[in-house]
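Below is one structure, written out as structure tokens; the observations come after it.
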Amino acid sequence: MDYLPEELLIAVITRLLEGVEHVAVGVSSPIPGSAALLHQALSNGQARVTVLNSKNLQTLNDGAGDLFDRAAQGRIGAFFLSGGQIDGQANINLVGIGEYPQQTVRWSGSFGSAFLYFVVPRVILFRDEHTRRTMVETVDFISAPGVSAPGVYRPGGPYALVTNLGLFSFDRALARFRLVSVHPGHSLEEILDNTGFAFDYDANPDTTPPPEPERLTLLRGTIAAKIADPYPKFAKTVFNCG
Amino acid sequence: MSEISIERLIADIPNGARIAVPTSRSGVAMAASRALIDRGVRDLHLVTIPTAGIQADMLIGTGCVAVAETAGITLDEFGQAGRFVAAVKAGEIRLMDSTCPAIVSGLQAGEKGVPFLPIRGLIGSDLLVNRSDYRVIDNPMAASGDPIVLVPAIVPDIALFHAPMADKFGNVWIGKMRELMTMAHAAKQTLVTVEQIVDGNLMEDELRAPATIPEMFITNVAKAKNGAWPLGLDGCYEADAQALADYANAARSDQGFSAYMAQAPAKAAQ
């Protein structure tokens, strides 16, 4: 079965959500949102999903703190973060490039990252641009740190990094990424060339398995219709739905 | 409460006021913001609860803002907030970057009349490094070391937002947008625009009362039909995607923004 790059990324992320009871998805995240909904469908509706900025895919009704309170109580098992820069210790930068505060490049801001990265057990880093511009040795500004000193309350943290080139796991004790698999059509060399930080890898890494056909069918049907609630443009472009 | 105009509603917001505004999806008083811009207010300390978009960008672009206390300013799917980005690069505004729940906790401390609230996370971030008003203490309730951040109370001079309805007593119905309740509790003055002013008393309606801000927290209300435009209002109308895209394009340059503000209507086509 042929598939689009977006569909591969959704398949990769869905595998990372196995066993999670409640997945929450932040703003501007159509690919993680689709994966969360696919995960829910595969659980026969047992898994809960919260998609921010959707009409019907969330139950937040207690103000701006509601999502964070739920996360603080351990009620959110997985969440997605990204970064204008991500470094080898899984520090993320959502603020900008250059010397703070008068930076040469400014992004929107840290949003909930400096809290959710600490309390959500399975934080999946997702960035669909894997270049030396985004995957850097050291971020210019730490919106949220990848690891914390002993004694700092931290039930949560980075679990994996998914990019357009490959899938990495993260070892919190070593504060280091390990390449798990290279996406079809890409190579270890390409990943090494485009990554500004050091990471562990096998000389002959696995290739990321393609999307499972039955999951693709689900994705293009039920899930496409659902993700059109918060992301109509994405649903139209990727799935020709809506 | 007698009906007043939008211009009258915002007339007494002083230069330098610390003004709290909600997210782009929670009831933004856009018509009132345009009136505030037209009035030429200066040096606002903008506190976004906890993020903002076109409203903050417009206020910054027109030189109304001295301080931006925020967890993020973005035009969402329409891209970067061009005037915010330009002002940061030019060093024209002082930044108080934060994270969403820290702003919410600060506002809740203001609501409770306590000087601070503790919050998890933040330790090891550059947000904390750059916020000298945040403190780290050792949790006094713990048997062994447990560092935790304290955020100071946020007590805005003004809370400004838009809601679906008020009654003639000044009670304001906010639906699911509970952060508007927290804002009104914490702020010294709360100024609200509404789509409509309804008959009866919202506080006597069992179904509506739990989502109604009692009039004792409300300083003034003005009617503003489509008052959140071009943003949407939950349960009333959708955002105007074309108008938001036009703004995002215009706000990428000084010239584009100036032309937009000179030409674009302050209100939706009726």
Side-chain angles (χ1 to χ4, degrees), chain A residues 26-28 30 52-53 55 59-69 71-72 91-96 98 100-119 139-156 230-234, chain B residues 22-23 25-26 48-51 53 70-77 80-81 84-91 93-95 97-105 107-108 119-130 139 144-148 175-183 211 234:
Chain A
V27 298
S28 307
L52 291 191
N53 283 5
K55 272 199 182 64
T59 60
L60 300 170
N61 67 347
D62 196 22
D66 196 349
L67 175 81
F68 306 104
D69 291 349
N91 298 310
I92 62 170
N93 175 7
L94 294 157
V95 167
Y100 185 86
Q102 197 175 339
Q103 296 177 294
T104 51
V105 172
R106 170 72 201 202
W107 299 310
S108 46
S110 301
F111 292 87
S113 65
F115 182 80
L116 294 172
Y117 215 13
F118 285 78
V119 297
V139 295
D140 286 37
F141 185 99
I142 301 176
S143 285
V147 294
S148 297
V152 173
Y153 178 81
R154 184 136 198 198
Y231 299 110
K233 263 193 283 186
F234 176 81
Chain B
T23 71
R25 300 180 73 91
S26 308
T48 68
I49 311 298
T51 65
T70 185
I73 296 179
T74 171
L75 302 181
D76 298 307
E77 64 263 45
Q80 285 199 318
F84 164 65
V85 169
V88 171
K89 288 182 185 174
I93 52 173
R94 184 162 78 85
L95 288 167
D97 266 292
S98 189
T99 185
C100 300
I103 292 179
V104 174
S105 291
L107 199 67
Q108 287 171 333
I119 178 174
R120 288 301 186 187
L122 276 164
I123 294 170
S125 74
D126 286 331
L127 296 172
L128 185 60
V129 169
N130 286 283
N139 170 7
S144 59
D146 176 21
I148 188 165
K176 283 192 286 192
M177 302 306 168
R178 303 290 303 181
E179 56 268 47
L180 302 179
M181 184 84 79
T182 313
M183 286 166 63
D234 198 34

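Proteins come first, then strands; the chains are lettered A, B, ... in the order of their sequence lines, and each starts at number 1.
In this structure the side chain of B:Leu107 reaches within 4.5 angstrom of the side chain of B:Ile49, judged on heavy atoms. The shortest distance between side-chain heavy atoms of A:Phe118 and A:Ser148 falls below 4.5 Å. You'll find the side chain of B:Asp234 reaches within 4.5 Å of the side chain of B:Met177, heavy atoms only. Taking the side chain as every heavy atom from C-beta outward, A:Arg154 and A:Pro145 approach each other to under 4.5 Å. Residues B:Thr182 and B:Val104 have side chains not in contact (no heavy-atom distance under 4.5 Å, counting atoms from C-beta outward).
For A:Asp69, no part lies near chain B; criterion is any non-hydrogen pair under 4.5 Å. Of the atoms belonging to B:Ile148, not a single heavy atom falls under 4.5 Å from chain A. With a threshold of 4.5 angstrom between heavy atoms, A:Ser110 approaches chain B through its backbone and through its side chain. Interface remark: A:Leu94 contributes no atoms to any contact with chain B (heavy atom separation under 4.5 Å). For B:Ser105, no part lies under 4.5 angstrom from a heavy atom of chain A. Using a 4.5 Å cut-off between heavy atoms, A:Tyr100 touches chain B through its side chain atoms alone. Of the atoms belonging to B:Thr70, not a single heavy atom falls under 4.5 Å from chain A. Contacts between B:Ala87 and chain A at a heavy-atom distance below 4.5 Å are absent for every atom of the residue. Contact annotation for A:Val105: only backbone heavy atoms (N, CA, C, O) come within less than 4.5 Å of a heavy atom of chain B. Neither the backbone nor the side chain of A:Ala72 comes within contact range of chain B; no heavy atoms are under 4.5 Å apart.
A cation-pi contact links B:Arg120 to A:Tyr153, judged by a cut-off of 6.0 Å to the six-membered ring centre and 45° from its axis.
In this structure, a donor-acceptor pair under 3.5 Å is present between the side chains of B:Ser26 and B:Thr23. At a cut-off of 3.5 Å, with distance as the only test, no side-chain donor of A:Ser108 or B:Thr74 sits close to an acceptor on the other residue.
Per-residue counts of heavy-atom pairs under 4.5 Å with chain A were compared for B:Leu180, B:Ile103, B:Asn130, B:Ile119; the largest is that of B:Asn130. Most heavy-atom pairs under 4.5 Å with chain A: of the set B:Ala211, B:Pro147, B:Gly121, B:Ser98, this distinction falls to B:Gly121.
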